Number of protein chains: 2
Amino acid sequence: MSNDAPLGGGPADSVPTDRAPTDRAPTDRARAGRAHARRAPDTFVNGPSPIAVTVDVVLLTLRSGQLCVLVTQRDSPPFQDGWALPGGFVRVDEDLDASARRQLTEGTGVAASGHLEQLRTYGRPDRDPRARVVSVAYLALLPNLPPPPGTDRDGPTARWWPVEDLGSADGPVLAFDHPTIVADGVERARSKLEYTPLAAAFCEEPFTLAELRRVYEAAWGAPLDPPNFRRKVLSTPGFVVPVGARAAPRGGGRPAELYRRGSATALHPPLLRRSV
Amino acid sequence: MSNDAPLGGGPADSVPTDRAPTDRAPTDRARAGRAHARRAPDTFVNGPSPIAVTVDVVLLTLRSGQLCVLVTQRDSPPFQDGWALPGGFVRVDEDLDASARRQLTEGTGVAASGHLEQLRTYGRPDRDPRARVVSVAYLALLPNLPPPPGTDRDGPTARWWPVEDLGSADGPVLAFDHPTIVADGVERARSKLEYTPLAAAFCEEPFTLAELRRVYEAAWGAPLDPPNFRRKVLSTPGFVVPVGARAAPRGGGRPAELYRRGSATALHPPLLRRSV
DNA sequence: ACAAAAGTGTTAATTGTACACCCATGA
DNA sequence: TCATGGGTGTACAATTAACACTTTTGT
């Protein structure tokens, strides 16, 4: 550290002490308002501006063949009764990745395991009507979770929503710029299936190749040829490794071989969806 | 964010007023220190923490067949006399993208035209020894600029540095976590060449296919077969559009046809580098 | 005429696609 | 033994890669 740039003079107790972003606490009263009144004048041109930093998480999973996103219900304005991504303020000594895992665990009870990657940062000045908030969005991928998280709490309700329903009339009303964030997250997941072994993050280990294939089919909305898919996956070193056992047969059909995630981080060549 | 939660009541002037991580302004005086003294205790658990938000820009261009990054010299600690990416604080009413363009123009005199995209956000708590600073990094691509920007100023000096030299002993000492940011930016550029028409962002319009090909060769460090490259580019709709003229012949060889950037945003199928 | 760079043609190898067919299990 | 899904084989199409060859310029 150094003296170069003197940190501001304000004492610690003069900084904002307001409530969390994922405020669903009953004490959440509206003190917010007047965000613009707090916005910095030109005196901040050469120094830091009062901008809050939050993390929002797009958690995707596969539920009965559908790609679903986890959202929590809001209980206060703005967007009261609407749905929002799990998220909240970043603590001053907390790494961004760690904050994302914490938001998931604290806000929804979802285990913080599984794939987590930074998605993108959203910072339009008007994205939150109350204040200037910059949000670092994360993308999390998990296998289907036995209990739909959060539904048994009396606090804010969490639920899975199929991503297909997001634009439609019977879909949820997403708060803030969360429609954009979710859309970006879904598109990131879809395209990363092409050139990374990420599809396995949706599968509980050990998994069959059919389960892995259904991830692609759900994400891309198109069927894949099972024989060709099998060859493709097995010919990519480190995509999956055989576990040496077979799945328990269920309801007819030959039992499938079991695999777990391999060590590969990229697919060469990629497994391209036939789009354009 | 997005999540609700009234932002705290702290007055604007109580937030940090420290300098940016990339601070190189002459008015950069030392007013303080003790960053940790301001770090939030548990009282901030549910509210916004005093975190500064900055933007750093990885500006890449092609100079005499080498991929180069723009860096500016620091004139104060930490990392005094080291090199840093152009960047600075985000203003409270300023969009992140707009801030990135401003940092480029103000800090280095580089025209804010050309390709600009968000790269990733860096927020390790210890990335700046003076205070908690979260930096949204951007990636900018420009054609070779006639004047090496910033070399004639008496303020901080800016210069291009070949990305090949970055790890070596005769390369620059990059401040903060800027080595990581530059590496991520270069890798992003290299991989986006594969599946987007982004290479054209490095070319002054109108350009020849040979110039476009040299972008790939410089970025990937391997020669490409000119006939096959030509067919590939021309068979991708919207990658480039012919201008209907020929370049002025220079020093032997048939004059090349001229093209400009097309409207395509993706390459189907991609133009893969033969790696692995 | 020669060198150099642009551009065209052709072929072999590789990869992707479609689909017929066999295997193992439950009913 | 039939239905169902897993797994293998194979032929054809599409794409890529390698390189010979022609065109157009400067010297």
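Note on naming: letters A, B, ... go to the chains in the order of the sequence lines (proteins, then strands), and numbering restarts at 1 for each one. Just so you know, these numbers come straight off a predicted model, no measurement behind them.
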Could you tell me how far apart B:Leu272 (CG) and C:dT14 (P) are, to the nearest whole angstrom?
17 Å
Taking the minimum atom-to-atom distance to the side chain of B:Pro269, which one of D:dT16, C:dT17, C:dT25 wins?
D:dT16
Could you tell me the separation between the NZ atom of A:Lys232 and the P atom of D:dT8, rounded to a whole number of Å?
18 Å
Short side-chain to backbone donor-acceptor contact, B:Arg213 and B:Pro223, under 3.5 Å
no
Between C:dT15 atom C1' and A:Leu234 atom CG, what is the distance in whole Å?
17 Å
Side-chain N,O (A:Arg230) to OP1/OP2 (D:dT8) below 4.0 Å
yes
Please figure out whether A:Asn228 or B:Gly251 has its closest DNA chain D nucleotide nearer the 5' end.
A:Asn228
Exam field: side chain B:Trp220 to backbone B:Arg190, donor-acceptor pair closer than 3.5 Å:
yes
Any A:Arg246 side-chain N or O less than 4.0 Å from OP1/OP2 of D:dG6:
no
Mind checking A:Pro226 for me? I need base, sugar-phosphate or nothing, with any heavy atom below 4.0 Å counting as a touch.
nothing
Looking at A:Arg231 and C:dG16, is any side-chain donor or acceptor paired with a base atom of the opposite kind under 3.5 Å?
no
Using whole Å, report how far CD of B:Glu257 lies from C1' of D:dT25.
14 Å
Kindly assign one of parallel, tilted or perpendicular to the pair A:Trp161 and A:Trp83, based on the angle between their ring planes and the thresholds 30° and 60°.
perpendicular
Closest to the 5' end of DNA chain C, once B:Pro255 and A:Arg254 are matched to their nearest nucleotides, is B:Pro255
I need the CD-C1' distance between A:Glu217 and D:dG5, as an integer number of Å.
13 Å
Distance, rounded to the nearest Å, where A:Leu212 contributes CG and D:dG7 contributes C1':
16 Å
B:Thr208 side-chain N/O to B:Glu211 backbone N/O, donor-acceptor pair under 3.5 Å:
yes
If you round to the nearest 0.5 Å, how far is NE2 of A:His178 from CG of A:Leu166?
13.0 Å
In this structure, how many angstroms lie between the C1' atom of C:dA18 and the CZ atom of A:Phe229, rounded?
17 Å
Closest approach to the side chain of A:Pro227, judged atom by atom: which nucleotide of C:dA24, C:dC19, C:dA6 is it?
C:dC19
How close or far is atom C1' of D:dT25 from atom CG of B:Leu258, stated in whole angstroms?
15 Å
Checking D:dA18, D:dT24, C:dC19 against the side chain of A:Asp225 (C-beta onward), the nearest is C:dC19
